[in-house]
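Not measured: the values here are computed from a predicted model. Remember, it's 1-based here, ligands and their atoms both numbered in the order they're listed. Scope of the values below: all heavy atoms of this structure, side chains included, with no hydrogens, waters or symmetry mates.
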Amino acid sequence: SSKVKPSFIAFVLGGPGSGKGTQCTKIVETFGFKHLSAGDLLRREISSNSKHGTMILNTIREGKIVPSAVTVKLIQKEIESNEGHKFLIDGFPRTEENRVAFEKIIGTEPNIVLFFDCPEDEMVRRVLSRNQGRVDDNVETVKKRLKVFAGLNLPVIKYYSERGKLHKIDGVGTTDEIFERVRPVFALYEE
Ligand code: UP5
Ligand code: MG
C-alpha cells in the first residue's frame, strides 16, 4: 500500500448532478481541503491522450465504471503529490470493488462519507441544463448513470451507513442552503 497516509479523507457521494462538485468547491473555500474529483481525473486522462484515454471515454459515454486499478492509481498519484493535505474524494468509490481496491492500495478508510440525497427528476434537470459539453450529459446516458448509481453505488453508501461514517445531506435547495447542512459536519473536525 501507499507510502503516504493522508491525514483526513472525506468521500463525497451522490447521484449524477446531485451537487457533489458544487459543494466540494464550497468546502474547499471554507475548510481548506484538496478536492479530488475522480470524474475530473478520468476526463483529464482522455484529454491528455493517455494510454487508457479511449477506454475511459467509451466507458464514460456508456455511464459505466472505469476499472478500479485505473481510477485508484490516478487518486493515489494525487494523494502522494499533495502530502499533508486533507482530501475530498468526489464521485468515488462507485462500486464495492472500487471501495475494496482503495482500501487495499491506499491502505486506509475514509474518516467520513457525505451523501447528497437528491430526487432523480431534479438530478436529470440539473445535468441536462449544465451545458459544459460533457459527453455523458444527454438523456440517454443520464438514464444509464442513474441505473448504475442505484445498482452499484447505493450498496457502497449503505456499507458506510452501517459503519457509522455516513452523513446524509438533503441535496434539494439552493447551493447556499445545502452548504449550511454540510458546514456542521466539517466544523466538528476543526480544532
Ligand atoms: N447545481 C448544483 N447544485 C445545485 C443546486 N443546489 N440547485 C440547482 N442547481 C445546482 O452539479 C450539477 C449541475 O447542477 C451543475 O450545472 C450545477 O451548477 C448545478 P454538480 O455540482 O456538477 O453535481 P455532481 O454531483 O458533481 O454531478 P456530476 O455530473 O459531476 O456527477 P457524476 O457522478 O455523474 O459525474 P462524475 O464526473 O463523478 O463521473 C462521470 C463518469 O465518470 C461516471 O458516470 C463514470 O462513467 C466515470 N467514473 C468512473 O468510472 N469511476 C469513478 O470513480 C468516477 C467516475
Ligand atoms: Mg461532479
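The G21 neighbourhood of ligand 1 comprises atoms 21 (O), 24 (P), 26 (O), with distances under 4.0 Å to a heavy atom of that residue. Atoms of ligand 1 found under 4.0 Å from any heavy atom of P16, numbered from 1 in the order shown, are 31 (O), 32 (P), 34 (O). When each atom of ligand 1 is checked for a heavy atom of R43 under 4.0 Å away, the hits are 37 (O), 40 (C). Atoms of ligand 1 lying under 4.0 Å from at least one heavy atom of F92, given by number and element, are 53 (O). Residue-ligand proximity, I65 to ligand 1, at heavy-atom distances under 4.0 Å covers atoms 50 (O).
Taking hydrophobic clusters as Ile, Leu, Val, Met, Phe, Trp and Tyr residues chained together by side-chain heavy-atom distances below 4.5 Å, L154 does not share a cluster with I65.
Among the candidates R125, R126, R130, the single residue satisfying the salt bridge (charged side-chain N to carboxylate O under 4.0 Å, His left out) test with D137 is R130. E109 pairs in a salt bridge (charged side-chain N to carboxylate O under 4.0 Å, His left out) with only one of the listed residues (K104, K165, R99), which is K165.
Here the side chains of L128 and V142 are in contact, with some heavy-atom distance below 4.5 Å.
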- Task: Please assess F8 against F87 for the test ring-ring contact (aromatic ring centres under 6.0 Å, His included), listing each intermediate value before the final yes or no.
- Result: CA-CA 6 Å; F8 191 97; F87 295 93; over 10 Å; no
- Task: Would you sort out whether Y160 and F115 count as a side chain to side chain contact (heavy atoms under 4.5 Å, CB included), showing the intermediate values?
- Result: CA-CA 10 Å; Y160 287 120; F115 165 40; over 6 Å; no
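Here K86 pairs with E190 in a salt bridge; the nearest charged N to carboxylate O distance falls below 4.0 Å. Under a 4.0 Å N-O distance rule, the pair E140/K144 does not qualify as a salt bridge. K143 and E120 are not joined by a salt bridge, as no carboxylate oxygen comes within less than 4.0 angstrom of a charged side-chain nitrogen.
Taking each of R145, R134, K20 in turn, the one with a heavy atom nearest to atom 40 (C) of ligand 1 proves to be R134. For atom 27 (O) of ligand 1, the nearest non-hydrogen atom from the set G39, C118, G14, G17 comes from G17. Heavy-atom proximity to atom 6 (N) of ligand 1, evaluated over G19, G63, G173, is greatest for G173.
The shortest N/O to N/O separation between R130 and ligand 1 falls below 3.5 Å. The N/O atoms of V66, backbone and side chain alike, include one that comes under 3.5 Å of an N/O atom in ligand 1.
Under 4.0 Å from ligand 1, not a single heavy atom of Q132 appears. The part of I178 lying near ligand 1 is the side chain, judged by heavy-atom distances below 4.0 Å. If you look at T174 next to ligand 1, the close heavy atoms, those under 4.0 Å, all belong to the backbone. Contacts of T71 with ligand 1, taken as heavy-atom pairs under 4.0 Å, involve the side chain alone. At a heavy-atom cutoff of 4.0 Å, ligand 1 is contacted by the side chain of D136 but not by its backbone.
Looking only at distances, no side-chain donor or acceptor of D117 sits under 3.5 Å from a matching main-chain atom of I169.
Of all protein heavy atoms, the one lying nearest to atom 20 (P) of ligand 1 is T22 OG1, 3.6 Å.
Aromatic ring orientation, F179 versus F31: tilted (interplanar angle from 30° to 60°).
Under a 4.0 Å heavy-atom criterion, Q23 is not in contact with ligand 1. By the 4.0 Å heavy-atom criterion, G15 is counted among the residues contacting ligand 1.
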